[in-house]
Amino acid sequence: METQIVSLTQGEDKESLLAKLAQAGEIIKNGGLVAFPTETVYGLGGDALNPTSSQKIYEAKGRPSDNPLIVHIADMEHLEKIVQNVPESAKKLANIFWPGPLTMIMHKSDIVPMQTTGGLDTVAVRMPAHPLALTFIQNAGGYVAAPSANLSGKPSPTKAQYVIQDMDGRIDMILDADAGTDGAIGIESTIVDMTGEVPMILRPGYITQKMITKVIGKTDTDVTILDNNSKQPPKAPGMKYRHYAPKGELVIVEGEPEQVIRYINQQAALHAEKGEKTGIIGTSESIGQYKADSIKDAGKRDDMLSAAQKLYTFLREFDDENIAYIYSESFSSEGVGQAVMNRLLKAAGHRCVKL
Ligand code: TXA
Ligand code: MG
């Protein structure tokens with residue numbers, strides 16, 4: 001299949017932008033697939049109400065079909081069409097956080113096919129904050145099923161070039177909005193399951209449990225999110241798969257900063273002796289003290305949003321640079337840091353050295 005790559009730039013005149021988004025919407029309505037930008041990561045979109053489209057998404061990603069898709073909407077009225085009884089607490093959260101990086105799981109209505117929900121009778125819904133995404137969804141008929149636009153197992157794409165790397169030849173169109181993605185969050189939305197008595201966070205993200213609790217009171221967190229040793233399966237089916245994995249072997253190193261720097265430099269030197277390339281993810285405070293083939297600055301130690309924005313890009317860059325071993329400093333689990341550590345631990349297959 002030939003993939004059309006269409007670039008959308010902020011300075012572009014409105015008419016040409018709208019024409020492109022209308023064309024992308026038509027593709028979705030006709031059962032095709034379009035990758036599009038959101039404020040978190042790029043999504044791989046298809047018509048959420050068309051079972052064949054959802055099947056195509058699984059095929060294009062190489063994703064197991066028991067792993068449900070998020071339905072993206074652009075209008076609050078559309079929520080009631082795909083969900084049975086929107087809970088009051090969900091309305092409150094939508095009021096505060098939509099459009100934005102929050103996904104809510106609710107009981108699905110009959111119009112949502114089982115292919116979209118991976119056989120579950122619940123559906124995940126989110127209204128993204130990216131203006132181009134909202135217009136695209138409206139043009140596409142209002143309901144766009146979209147996982148992250150990476151091949152299954154690879155880091156989610158934060159830039160169109162990575163979508164092209166993974167999806168060229170597999171889908172109809174890629175909307176490249178890299179020129180307009182300033183301020184992107186860089187990791188996927190927070191997922192909260194609204195179907196139980198107490199809402200439960202299944203995947204941490206930019207919107208933290210604290211922020212959610214402030215709006216609706218008591219919430220729980222799925223224990224598998226940060227626990228290395230949990231034997232329980234995670235409640236979001238997708239969280240059980242190895243994810244975000246770079247080609248190189250990633251290890252997280254935890255300890256006092258000086259110890260961490262010394263340890264990582266020792267390891268890098270050992271690899272260098274064997275001719276193996278090493279990459280490092282550090283913080284602005286420590287970055288000048290490392291010696292390795294590729295050194296990435298995640299930002300200041302207390303700036304977890306910066307780490308979130310950069311993490312997946314770093315993992316993709318290490319792949320491009322053929323890095324065989326990657327060492328990352330450990331980050332704070334406060335606020336957005338919880339989401340950063342959750343993704344980093346998964347990318348590392350939970351390999352963690354404690355000094
Ligand atoms: O930020 C995001 O959420 C991005 C952008 C494109 O919107 N999308 C995204 O989708 O991250 P995906 O498919 O990569 O991750 C969706 C996660 C999976 O772990 C899946 O198992 C879970 O959501 N999920 C979806 N529907 C669910 C349901 N009904 N019950 C439990 N988990 C669900
Ligand atoms: Mg994903």
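Numbering starts at 1 and runs along the sequence shown. Note that ligands are numbered from 1 as they come in the structure, with each ligand's atoms numbered from 1 the same way.
Look at Asp220 and Lys218 and you find a salt bridge, because one of the NZ, NE, NH1 or NH2 atoms lies within 4.0 Å of a carboxylate O, short of that distance. Ion pairing between a basic and an acidic side chain is recognised when a charged N comes within 4.0 Å of a carboxylate O; Glu188 and Arg343 show such pairing. Using a 4.0 Å cut-off between a side-chain N of Lys or Arg and a carboxylate O of Asp or Glu, Glu285 and Lys300 do not qualify as a salt bridge. Between Arg316 and Asp166, at least one side-chain nitrogen of the basic residue sits less than 4.0 Å from a carboxylate oxygen of the acidic one, meeting the salt-bridge criterion. In this structure, Lys20 does not pair ionically with Glu26, as no charged nitrogen and carboxylate oxygen lie closer than 4.0 Å.
Within a 6.0 Å radius of CD in Gln259, other residues, nucleotides and ligands contribute more than 12 heavy atoms. Around the CD atom of Glu321, the shell of radius 6.0 Å holds more than 12 heavy atoms that belong to other residues, nucleotides or ligands. Atom NZ of Lys29 is surrounded by more than 12 heavy atoms from other residues, nucleotides or ligands within 6.0 Å.
Within ligand 1, counting atoms from 1 as listed, the ones closer than 4.0 Å to a heavy atom of Ile191 are 17 (C), 22 (C), 23 (O). Below 4.0 Å from some heavy atom of Asn67 lie the following atoms of ligand 1, by number and element: 18 (C), 20 (C), 21 (O). Every atom of ligand 1 is numbered from 1 in the order shown, and the set under 4.0 Å from a heavy atom of Gly43 is 6 (C). Within the listing of ligand 1, atoms 3 (O), 8 (N), 9 (C), 10 (O), 16 (C) sit less than 4.0 angstrom from a heavy atom of Ile70. With ligand atoms numbered from 1 in the order given, ligand 1 contributes 20 (C), 21 (O), 24 (N), 25 (C), 26 (N), 27 (C), 28 (C), 33 (C) to contacts under 4.0 Å with heavy atoms of Pro68. Per-residue contacts place Thr122 under 4.0 angstrom from the following atoms of ligand 1 (heavy atoms of the residue considered): 28 (C), 29 (N), 30 (N). Heavy-atom proximity to Ser189, at under 4.0 Å, picks out these atoms of ligand 1: 1 (O), 2 (C), 3 (O). Of all the atoms in ligand 1, the ones that sit under 4.0 Å from a non-hydrogen atom of Leu120 are 28 (C), 29 (N), 30 (N).
Ring geometry for His72 against Phe36 counts as perpendicular: the plane angle is over 60°, on a 0 to 90° scale with 30° as the lower cut. Taking the six-membered ring where tryptophan is involved, the planes of His78 and Tyr143 are tilted, since the angle between them lies from 30° to 60°.
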### Task
Would you sort out whether Asp178 and Tyr42 count as a side chain to side chain donor-acceptor pair (under 3.5 Å), showing the intermediate values?
CA-CA 10 Å; Asp178 279 0; Tyr42 273 84; 2.8 Å; yes

### Task
Might you work through the side chain to side chain donor-acceptor pair (under 3.5 Å) test for Thr221 and Gln209, ending with a clear yes or no?
CA-CA 8 Å; Thr221 294; Gln209 181 171 20; 2.7 Å; yes

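The set of protein atoms (N, O or S) found at less than 2.8 Å from the Mg ion (ligand 2) reads Ser148 OG, by chain and number.
Checked against a 3.5 angstrom limit, the closest N/O atoms of Thr38 and ligand 1 fall outside it. Between Tyr42 and ligand 1, a contact under 3.5 Å exists for no N or O pair. Ligand 1 has a nitrogen or oxygen under 3.5 angstrom from a nitrogen or oxygen of Arg63.
The shortest separation from a heavy atom of Thr117 to ligand 1 is not under 4.0 Å, leaving the residue out of contact. At least one heavy atom of Arg203 lies less than 4.0 angstrom from ligand 1.
Applying the side chain to side chain contact (heavy atoms under 4.5 Å, CB included) test to Gln23 and every residue at least two apart in sequence or in another chain returns Gln4, Met173.
Contacts between His107 and ligand 1 below 4.0 angstrom, taking non-hydrogen atoms only, are absent altogether.
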